[in-house]
Number of protein chains: 2
Amino acid sequence: MPRQLYELAAQADDHVFSPYCWRIRLALAHKGLDFESVPWRMTEKERLAFSGSERVPVLVDGNTTVVDSWEILNYLEQTYPEQPLGLSRAEVRFVRHWTEMVLHPGLSRMIVDEVFQTVHEKDRAYFRESREKLFGVPLEEFAANKEVKLEEFRRALSPLRATLEAHDFLGGSAPNVSDYLVFSGLMWARCTAPTPVLAPDDPVSRWRESMLDLYEGMARRAPCREAA
Amino acid sequence: MPRQLYELAAQADDHVFSPYCWRIRLALAHKGLDFESVPWRMTEKERLAFSGSERVPVLVDGNTTVVDSWEILNYLEQTYPEQPLGLSRAEVRFVRHWTEMVLHPGLSRMIVDEVFQTVHEKDRAYFRESREKLFGVPLEEFAANKEVKLEEFRRALSPLRATLEAHDFLGGSAPNVSDYLVFSGLMWARCTAPTPVLAPDDPVSRWRESMLDLYEGMARRAPCREAA
């Protein structure tokens, strides 16, 4: 059986947009490991029952099932140590937490209404209800004032920007898991929101272009909603 | 001639508080390199004329003079490669820029009035004038609303906190330059401000205690204004 990655998909099976799934896609490509994408929707909890998780990504690799994106990255690093992701260092964990605690929330409050437009139609009611419960306000209100938030978001990228002015990648001269973690956040935006979140002259944009080109343009060729 | 480190000092010669000087102190201790501290005040520009810089830290190591804290760290790493600081990785640079762009500004807007109280009396007029020009408002106004800012500051530490919940140090099981960069920011606060900026039960506090203990309690023994 081929290696399988259960991923959150939009209306189209190949329209994957979850940042937690994208980081696994990129890590698999980094290690040269083939996989079959298994499209999954938020309301299909029972299809993941075998894994013990209610969320993707879920990786099925031979007889092994691994859930949670960080666990999957660690599993891949231990099982396939060649082409290391560089995962063990505490500074990488800092990049991970910055991504999840600064980058993702900064994006969420700008794009969540577009994510709602992106999810499969059968997921929309669930998405709206679960997010509105979490945020305490309607999605559209949570995502309002995008212009102000866009400025704040770009300002919050300053440590990333300054790093990428000095290095080609967060991995240095070649990408490593730090790049995949951060870039996957930006793929979430690219795959769901028509308006680009980066200014074209931002050094972060230059790096994003390099990341889009990796592995024969894997990320660039993926379905997206960002206007060209 | 012994190795000399020009450092910003308060009224007392041994009361050093600049985060950019502290990171060098700690890097020297990490590598087991002795040095003589040369106390310097902001209004003594002419005493640094030999270096071509108007700021500390300035390191004089035999016939070599190095200015700028990042340059000094790189010089130390290249010249004394044993006990590596781990400086070359791009992720460390990310930690550096986060420290300078998030941690330091977050502290500055809470403690700058206390820094004013800390600097040598002959530096006070210069300090006030230069900072008020930079901020566009009186120091006391810039440092107002400390309670609100303290909450924001602690929230901004979330990626650091989450990392230190999983690792003893940013360097992993032992401190490296990432620890010195971040901790030196907290030493700036400890050495200048009576009110602690961390809650005692914060995992960041636990790590700070470990950092204070390093090298025979070098940082803990240093003069400070933080209330015990």
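Numbers restart at 1 for each chain; the letters A, B, ... are given by sequence-line order, proteins then strands.
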A:His167 and B:Phe94: CA distance, side-chain angles, deciding distance, ring-ring contact (aromatic ring centres under 6.0 Å, His included) verdict: CA-CA 10 Å; A:His167 294 276; B:Phe94 184 81; over 10 Å; no
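- With a threshold of 4.5 angstrom between heavy atoms, A:Asp168 does not approach chain B through any atom at all.
- Listed options A:Arg96, A:His97, A:Arg93, A:Arg155 were ranked by heavy-atom pairs under 4.5 angstrom with chain B; first place goes to A:His97.
- When the candidates B:Ser158, B:Gly86, B:Ala156 are compared by the number of heavy-atom contacts under 4.5 Å with chain A, B:Ser158 comes out ahead.
- Checked against a 6.0 Å centroid threshold, the rings of A:Phe142 and A:Phe116 do not count as neighbours.
- Residue A:Ser173: no heavy atom, backbone or side chain, is found under 4.5 Å from chain B.
- Using a 4.5 Å cut-off between heavy atoms, B:Thr99 makes no contact with chain A at all.
- A salt bridge between A:Lys146 and A:Glu114 is absent, with no side-chain N of the basic residue lying under 4.0 Å from a carboxylate O of the acidic one.
- B:Arg3 places no side-chain N or O within donor-acceptor distance of the main-chain N or O of B:Leu59, the cut-off being under 3.5 Å.
- Side-chain atoms of B:Arg206 come within 3.5 Å of backbone N or O of B:Leu164 as a donor-acceptor pair.
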